[in-house]
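Sequential numbering from 1 along the given sequence is applied to the chain's residues. The basis for the numbers below is simple: all heavy atoms, side chains too, and nothing from hydrogens, waters or symmetry mates.
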Amino acid sequence: SIASCKKYENGPAISLMSKKARLANIWKVDTYILNGEDKTEAYRSLVTREKLVIFQSGEFEYSEVSSWIWATPQYTGNWEFANDKEELLMTPYNTGIKPKTYKILRLKNKSLWLQERVSDDSLVEYHYLPETGN
């Protein structure tokens with residue numbers, strides 16, 4: 001039996017794994033796209049390394065090494081699907097950090113693409129791959 005059919009514009013067409021199982025992983029940013037342009041190099045000049053751990057339990061952990069003085073280098077929280085599982089809502093336990101809503105563009109076992117509207121004129125895509133090693 002088929003557990004899931006294509007919901008996201010970038011796939012997969014069919015998956016036997018649940019959306020929750022595909023989302024649960026240790027992710028790192030592979031590509032950073034700002035308003036349709038690959039800005040990974042500029043992103044890496046600010047964020048040296050990040051790790052997004054998503055658990056099937058509905059919790060997540062985020063950490064980063066960056067030169068952004070306003071960034072919170074590490075936090076945890078809850079996640080949930082929203083808008084008929086087309087969006088991912090991440091709510092940090094630290095109430096000083098705003099919850100974020102991402103449009104899910106791709107949700108595969110080894111590939112996660114999230115889109116975030118940062119401002120009226122800034123649309124960011126994060127293309128994640130599973131972290132290997134540390």
Next on the checklist: So L46 and S66, do their side chains get closer than 4.5 Å, heavy atoms only?
Outcome noted: no
Item to check | Sidechain-backbone polar pair: D84 side chain, E86 backbone, donor-acceptor under 3.5 Å | outcome: no
Checklist entry - Within the distance-only criterion (no hydrogens, no angle test), does the side chain of R22 pair as donor or acceptor with the backbone N or O of M17 below 3.5 angstrom? => result yes
Item to check | R117 versus S119, closest heavy-atom pair with distance | outcome: CD-O, 2.9 Å
Checklist entry - How far does CD1 of I33 sit from CG of L105, to the nearest 0.5 angstrom? => result 9.0 Å
Next on the checklist: Starting from I26, can I reach L88 by hopping between I/L/V/M/F/W/Y residues whose side chains sit under 4.5 Å apart?
Outcome noted: no
Checklist entry - Quick one: ring-ring contact (aromatic ring centres under 6.0 Å, His included) partners of Y32, sequence neighbours excluded? => result Y43, Y126
Item to check | Side-chain touch Y128/R106, heavy atoms, less than 4.5 angstrom | outcome: no
Next on the checklist: Holding to salt bridge (Lys or Arg N to Asp or Glu O under 4.0 Å), I want the full list of residues that pass it with E50, two or more places apart in sequence or in another chain.
Outcome noted: R44
Checklist outcome for this item: To the nearest 0.5 Å, atom CG of L112 lies from atom CD1 of I54 at 6.0 Å
Checklist outcome for this item: NZ (K51) and CD (E61) are apart, to the nearest 0.5 Å, by 7.5 Å
Item to check | From E125 atom CD to L34 atom CG, the distance as rounded to the nearest 0.5 Å | outcome: 10.5 Å
Checklist entry - S67 and S45: which non-hydrogen atoms are nearest, and at how many Å? => result OG-O, 3.8 Å
Checklist entry - Linking I/L/V/M/F/W/Y whenever any side-chain heavy atoms sit under 4.5 Å apart, do L107 and V53 land together? => result no
Checklist outcome for this item: Separation between CG (L23) and CG (L114), nearest 0.5 Å, reads 7.5 Å
Checklist entry - Is L89 linked to W113 within one hydrophobic cluster, defined over Ile, Leu, Val, Met, Phe, Trp and Tyr using a side-chain heavy-atom separation of less than 4.5 Å? => result no
Checklist entry - Considering all heavy atoms of both residues, which atom of M90 and which atom of Y102 are nearest to each other, and what is their separation? => result SD-CE1, 3.8 Å
Checklist outcome for this item: In short, Q115 meets L123 closest at the heavy-atom pair NE2-CD2, 3.4 Å
Item to check | Interatomic distance, N78 atom CG to F60 atom CZ [nearest 0.5 angstrom] | outcome: 7.5 Å
Item to check | Heavy-atom closest pair, residues A24 and Q56 | outcome: CB-CG, 3.4 Å
Next on the checklist: Same cluster or not: Y75 versus F55, using hydrophobic residues (I, L, V, M, F, W, Y) connected whenever any side-chain heavy atoms lie under 4.5 Å apart?
Outcome noted: no
Checklist entry - Between N25 and W27, is there a donor-acceptor pair closer than 3.5 Å when you use the side chain of the first and the backbone of the second? => result no
Item to check | Same apolar cluster (I L V M F W Y, side chains within < 4.5 Å links), L52/V65 | outcome: no
